[in-house]
Amino acid sequence: MNFRSPLRSALFVGAALLATGATGVQAQSVLKVVPHSNLSILDPIWTTQYMARNHGYMIYDTLFGTDEKGQIKPQMVESWEVSPDNRLWTFKLRKGLEFHDGKPVTGEDVNASLKRWGQRDAMGQKLFSFISRMDSPTPDTFRIFLGEACGIMLDALGKPSSNVPFIMPKRVADTPADKQIEDYTGSGPYVFKRDEFKPGDKAVYTKNTKYVPRKEAASGSTGGKNVYVDRVEWNLALRDAQAQVNALSKGEVDIIEQPAFESYAALAKDPNVNIINGNNLGFQYMVRFNHLHPPFNNLKVRQAATVAMSNQDAFLKAQVGIKEYYKSCPSMFVCGSPYGSTKGSDLVGKGNMKKAQDLLKASGYDGTPVVIMKPTDLASIAKLPDVAAQLLRQAGFKVDLQSMDWNTLVSRRAKKDLPSAGGWNIFATAWVSPDIWNPLTNAAIGAAGEKSWFGWPTDAEVEKLRDSFAREIDLGKRKVLAEAIQARAFEVGTHVPVGEQINPAALRKGVTGLVIGPGNFYWNIKK
């Protein structure tokens with residue numbers, strides 16, 4: 001994404017540091033990180049929450065990954081073959097793959113993990129609609145049989161963000177998809193210290209000394225996951241923005257994953273700090289409706305709310321504030337991406353409150369309160385609900401803004417209860433761009449009812465078009481289908497995109513090797 005930073009000198013210094021650092025040196029050190037939020041949910045398949053995803057990358061590995069240029073590359077897979085009719089895929093696992101309990105990773109582990117992931121992830125669900133069966137003819141191979149050829153196999157297996165198809169032991173992956181796992185045995189570069197885990201305080205990971213990294217250079221979620229520190233400690237208690245800045249300046253922590261936007265000016269002046277944008281693709285903000293309950297089970301009410309919240313500048317100025325760090329974008333698939341488009345986005349623009357008020361009056365809205373969930377401890381999105389509440393009130397909605405911590409919000413958004421009984425109507429969130437830049441990765445686009453992402457929209461036309469997109473191989477035809485899907489999603493009001501932004505990390509000088517990619521990766525880092 002073509003963002004330009006006012007702190008360019010600091011960013012340039014940080015970029016230079018990424019290319020430096022000696023190799024082959026085993027450091028005896030602890031990397032201390034302030035993550036962007038608290039960690040309490042430890043199942044990265046059960047939730048799309050990024051803290052759970054980041055936890056997943058610490059302890060699990062993936063079959064494929066996505067490099068910093070968006071290319072799919074093998075990770076746990078050594079080689080693969082595809083039948084002439086594209087309906088049989090045979091994969092061979094690379095040597096040296098071993099779970100933390102000493103047991104080898106097998107094709108049966110892979111198949112069980114993919115089956116569970118395919119029940120939760122939007123793209124996984126679509127892939128499994130083509131899969132007739134899977135098997136493992138030998139311990140180091142697995143096969144996927146398709147009833148009908150499709151063009152999304154590697155894109156799905158290598159998707160870099162939520163939900164990531166992490167590979168778990170079969171005994172863990174056999175956990176029902178709607179129940180959270182309780183065993184955190186992985187095969188990734190770090191081992192989770194469950195005995196030291198304290199939600200709201202700290203999470204600890206130690207180097208997996210038996211992990212065999214790939215030979216390629218680290219890039220995104222691909223390449224060699226070399227670990228140069230003995231421990232990584234996530235400080236989950238340090239939530240105050242100024243306290244985070246002070247701790248980094250004093251050397252009490254090494255990395256602030258996502259500083260509060262108002263902290264960047266002070267961080268840029270600190271000679272001991274580098275500001276590095278490790279995610280060049282950026283994020284998109286969105287507001288999500290609950291389609292199950294009043295008032296947003298009414299299409300006309302959703303359309304009125306969409307127009308009311310179409311003033312992206314209002315959200316971006318309040319939440320980000322640094323002009324060079326944000327931009328408006330009417331596309332549901334990220335502006336500047338292969339499927340970025342303005343198709344169908346007539347309702348989304350600079351804002352038209354009079355139109356929103358007229359639409360609401362014509363919708364039959366009866367004054368039902370709109371319950372908006374507001375996270376108190378996630379600085380990167382904490383102001384979005386306030387803006388949504390203000391705009392909806394101006395349009396004529398009655399709003400009930402309820403504050404809670406982010407993990408409570410993540411748990412509550414999975415509930416289908418009435419808003420008056422502990423449910424919800426609206427929440428705001430941010431997606432890293434690869435999660436939403438096509439109709440299959442974008443969970444908010446899916447409209448398969450109760451199988452859909454939280455909010456549960458239902459629309460047969462959207463799903464029919466997504467099926468066609470999954471089958472299509474021709475890029476030009478895919479673009480046409482993506483435009484049609486976006487137009488229909490705007491029409492039925494799946495959600496409201498409210499702008500795009502970047503949120504660079506802050507690192508102590510001397511901390512090098514931050515991996516560029518759509519996630520928070522803690523291999524390759526030296527201190």
Side-chain angles (χ1 to χ4, degrees), residues 284-320 326-333 335 341-374 381-402 413 419-420 423-431 444-445 447 454-459 462 486-501:
Q284 184 179 94
Y285 289 136
M286 68 171 61
V287 174
R288 179 68 161 180
F289 299 118
N290 187 336
H291 291 239
L292 298 182
H293 302 301
F296 296 124
N297 60 346
N298 182 328
L299 170 60
K300 293 182 178 180
V301 175
R302 293 198 300 273
Q303 290 177 339
T306 297
V307 174
M309 294 187 290
S310 66
N311 186 347
Q312 293 191 355
D313 279 349
F315 286 96
L316 294 169
K317 288 178 181 178
Q319 180 60 66
V320 182
Y326 70 78
K327 67 178 180 181
S328 295
C329 172
S331 176
M332 290 183 171
F333 301 128
C335 289
S341 168
T342 60
K343 192 74 172 180
S345 63
D346 297 344
L347 293 177
V348 179
K350 296 182 179 179
N352 186 334
M353 191 55 68
K354 178 63 167 60
K355 183 177 181 179
Q357 293 167 347
D358 291 343
L359 286 171
L360 188 61
K361 289 178 182 178
S363 72
Y365 173 65
D366 61 0
T368 299
V370 174
V371 174
I372 301 179
M373 298 189 291
K374 171 184 168 62
I381 64 171
K383 297 176 182 177
L384 298 179
D386 297 312
V387 177
Q390 179 183 6
L391 294 174
L392 290 174
R393 285 176 178 135
Q394 290 177 10
F397 285 91
K398 184 177 180 180
V399 175
D400 180 8
L401 186 64
Q402 298 185 12
R413 72 182 182 181
S420 59
W424 59 278
N425 292 119
I426 276 179
F427 70 88
T429 192
W431 288 91
I445 289 286
F454 313 116
W456 309 284
T458 301
D459 188 73
V462 165
Q486 175 174 284
R488 181 62 179 173
F490 271 122
E491 183 181 349
V492 301
T494 56
H495 64 286
V496 185
V498 293
E500 298 178 0
Q501 51 91 1

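For clarity, every value in this text was computed on a predicted model and none was experimentally measured.
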Chemist: Quick one: closest heavy-atom pair of Cys335 and Pro330, and the distance?
Modeler: SG-CD, 3.9 Å

Chemist: Can you see which heavy atom on Thr494 is nearest to which on Met332, and at what distance?
Modeler: OG1-CE, 3.8 Å

Chemist: Kindly list each side-chain donor-acceptor pair under 3.5 angstrom involving residues 384-395, sequence neighbours excluded, with atom names and distances?
Modeler:
residue: Asp386; atom: OD2; partner: Lys374; partner atom: NZ; Å: 2.8

Chemist: With a 4.5 Å heavy-atom cut-off, do Asn290 and Ile426 have their side chains touching?
Modeler: no

Chemist: Can you pull out every salt bridge (charged side-chain N to carboxylate O under 4.0 Å, His left out) where at least one residue sits in residues 351-364? Sequence neighbours excluded, please.
Modeler: Lys354-Asp358

Chemist: Within the structure provided, determine whether Gln319 and Tyr285 are in side-chain contact (heavy-atom separation under 4.5 Å).
Modeler: yes

Chemist: So which heavy atom on Gly396 is nearest to which on Leu360, and how close?
Modeler: C-CD2, 3.5 Å

Chemist: Decide yes or no for Pro457 and Arg288: does some side-chain heavy atom of the first lie under 4.5 Å from some side-chain heavy atom of the second?
Modeler: yes

Chemist: Kindly indicate, with the supporting measurements, whether the criterion ring-ring contact (aromatic ring centres under 6.0 Å, His included) is fulfilled by Phe397 and Tyr365.
Modeler: CA-CA 8 Å; Phe397 285 91; Tyr365 173 65; 5.0 Å; yes

Chemist: Look up atom CD in Gln312 and atom NZ in Lys317, then write down how far apart they are to the nearest 0.5 Å.
Modeler: 12.5 Å

Chemist: Measure the CD-OG distance between Gln486 and Ser341 for me, rounded to the nearest 0.5 Å.
Modeler: 5.0 Å

Chemist: With heavy-atom distances below 4.5 Å as the criterion, would you say the side chains of Arg488 and Asp459 are in contact?
Modeler: yes

Chemist: Ignoring hydrogens and angles, tell me if any N or O in the side chain of Gln303 forms a donor-acceptor pair with the backbone of Val492 under 3.5 Å.
Modeler: no

Chemist: To the nearest 0.5 Å, what is the distance between CD (Gln501) and CZ (Phe315)?
Modeler: 14.0 Å

Chemist: Which heavy atom in Val498 sits nearest to a heavy atom in Met309, and how many Å separate them?
Modeler: CG1-O, 3.8 Å

Chemist: Please round to the nearest 0.5 Å and tell me the distance separating atom CG of Asp346 and atom CD of Glu491.
Modeler: 11.0 Å

Chemist: Once you round to the nearest 0.5 Å, how far does OG1 of Thr342 lie from CZ of Phe490?
Modeler: 9.5 Å

Chemist: Knowing that exactly one of Thr306, Asn425, Asn297 qualifies, which makes a side-chain contact (heavy atoms from CB on, under 4.5 Å) with Phe289?
Modeler: Thr306

Chemist: Quick one: closest heavy-atom pair of Pro294 and Thr368, and the distance?
Modeler: O-CG2, 4.0 Å

Chemist: Could you measure the distance from the CG atom of Leu292 to the CZ atom of Phe454? Nearest 0.5 Å is fine.
Modeler: 12.5 Å

Chemist: Please test Phe296 against Val370 for side chain to side chain contact (heavy atoms under 4.5 Å, CB included), starting from the C-alpha separation and ending with a verdict.
Modeler: CA-CA 9 Å; Phe296 296 124; Val370 174; 3.7 Å; yes

Chemist: Do Ser328 and Asp313 pass the side chain to side chain donor-acceptor pair (under 3.5 Å) test, and can you show the C-alpha distance, the side-chain angles, and the key distance before you say yes or no?
Modeler: CA-CA 7 Å; Ser328 295; Asp313 279 349; 3.1 Å; yes

Chemist: Do any N or O atoms from the side chain of Trp424 and from the backbone of Arg413 form a donor-acceptor pair under 3.5 angstrom?
Modeler: yes

Chemist: Taking all atoms of both residues into account, what is the closest heavy-atom pair of Met286 and Ala444, and its distance?
Modeler: SD-CB, 3.7 Å

Chemist: When you compare the side chain of His291 with that of Arg302, does any pair of heavy atoms fall below 4.5 Å?
Modeler: yes

